[in-house]
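Reading through the structure tokens given below for one structure.
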Amino acid sequence: MKIHLIAAARPNFMKIAPLYHELVSRPNLEPVIVHTGQHYDLNMSDVFFRDFKLPAPHIHLGVGSGTHAQQTGNVMIAYEKVLMDTRPDLVVVVGDVNSTVAATLAAVKLGIKTAHLEAGLRSGDRTMPEEINRIVTDAIADYLWTPSKDGNENLEKEGVAREKITLVGNIMIDSLEMARPVIESKAVFLEYGFQKEQYGLVTLHRPSNVDDPDSLERLCLELARISRELPLIFPIHPRTRANLKKFKLDQVLKENKAIRLIEPLGYIHFMNLVFNARLLITDSGGVQEETTYLGIPCLTLRPNTERPVTTTIGTNRLCTPATLFGHVVTVLDGQRSSGSIPELWDGRTAGRVADRIESLMV
Ligand code: UD1
Ligand code: UDP
């Protein structure tokens, strides 16, 4: 059985990695990595292939950046050709990026069975491009594999037939457990002059936070205020870097010695900083999950989340720029519980997915 695994952007590589390794170990399954090229910088793409010991992509579509329609359209056009030439038995898409919905549209229209890993997540916020990608992908994919029960409930509310939905668990925890020995063998924080649990780690890249000059300036001011209480390290996403420069905010941040601005990191290095951080300030989807699993306080600069379990039972708290500082103080005062771990976030999701795939063969 030939299975295409679609990888496109940073959060996809850690989702396909455990699945690739599991599928390749099963004699009847032949995983093929298809990279759409949505992310292409060394530290946004290649580094993850090295960190997760993945082979180079078997197929590379090289679509690059563009507007939403350009990116989605270019993936569809390029991937349709590949599908017509190779006719895989199954296409697996992950997450919620533009390439996820594009590959699903191309495959489903050719009558090729398609599965969505990380199905059913909903923020309820249609101003988020990812929410549109999630809704469309789940409406047309054949198999919907969810990370948590709320995913099943969302899909059922949308009228999806129950037999299409399977709760498989959170694949991001497989990635973390797979890499844990190497992550724990390092002390990356020392390279930046920090001590264990004596710094905060920041990631920001949502258009709602970083594309508007006023929002980004406000966030920079809040980070500067927080850095007087806790030094910060900030690996900057390329979208954010470009906007900091465009809005002339980069110099202000660079002059602040308590905020270390660095390039995006590979998974092992980044996770070593997560493991040892006092707290995270973020708008990332994946980071909300990783911190919940590790019991590390996470302050998410968003009005909503498609991962509500991270706030109901995990360590995640939604913040605005106005409430962020107060949340930081609460964490530094030690007034935060360590939360608990959602069901099936156990590092064995890839095995359950591979079992599902094998059951589709009979
Ligand atoms: C994309 C996803 C988002 C995900 C994020 C993870 C969509 C709609 N968005 O957002 O859901 O959370 O990836 O990081 O699919 N760029 C580079 N080098 C790269 C990649 C991008 O310089 O390797 C720059 C380009 O200027 C590009 C911009 O970043 O225009 C944005 O890239 P894009 O993939 O369109 O969206 P992200 O913001 O990365
Ligand atoms: N990540 C990384 N290096 C970084 C920042 C993030 O390896 O410099 C990892 C981290 O594990 C995170 C994942 O990339 O969970 C997801 O990335 P991102 O925040 O870009 O995407 P999202 O999850 O918001 O879609």
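Here, residue 1 is the first one in the sequence, and each next residue gets the next number. Worth knowing before you read on, the calculation uses all heavy atoms, side chains too, and leaves out hydrogens, waters and symmetry mates. Read the numbers this way: they start at 1 and go in the same order the structure lists the ligands and their atoms.
- Of the protein's non-hydrogen atoms, the one nearest atom 13 (C) of ligand 2 is M14 CE, 3.7 Å.
- Residues P181 and M178 share a closest heavy-atom pair of CD-O, 3.8 Å.
- The nearest non-hydrogen atom to atom 4 (C) of ligand 1, considering only H39, R241, H205, comes from H205.
- For ligand 2, the atoms lying closer than 4.0 Å to a non-hydrogen atom of S284 are 18 (P), 19 (O), 22 (P), 23 (O), 24 (O).
- Contact annotation for H205 and ligand 2: only side-chain heavy atoms (C-beta onward) come within less than 4.0 Å of the ligand.
- If you look at P235 next to ligand 2, the close heavy atoms, those under 4.0 Å, all belong to the side chain.
- Y192 does not carry R260 over the face of its six-membered ring by the limits of under 6.0 Å from the centre and within 45° of the normal.
- Atom numbering of ligand 2 starts at 1 in the shown order; those under 4.0 Å from a heavy atom of F48 are 7 (O).
- Using a 4.0 Å heavy-atom cutoff, M172 is listed among the residues neighbouring ligand 2.
- Each of E131, E158, E153 was checked for a side-chain hydrogen bond (donor to acceptor under 3.5 Å, both in side chains) with R122, and the lone residue meeting it is E158.
- What sits closest to atom 8 (O) of ligand 2 on the protein, heavy atoms only, is L265 N, 3.0 Å.
- With a 4.0 Å cut-off on non-hydrogen atoms, E289 does not touch ligand 2 at all.
- Taking 4.0 Å as the cut-off, P11 counts as a neighbour of ligand 1 on heavy-atom distance.
- Under 4.0 angstrom from ligand 1, the non-hydrogen atoms of R239 come from both its backbone and its side chain.
- Polar contact with ligand 1: present for E130 (N/O pair, distance under 3.5 Å).
- Residue-ligand proximity, R206 to ligand 2, at heavy-atom distances under 4.0 Å covers atoms 22 (P), 24 (O), 25 (O).
- The one candidate from V75, N74, T104 that meets the side-chain contact (heavy atoms from CB on, under 4.5 Å) condition with S99 is V75.
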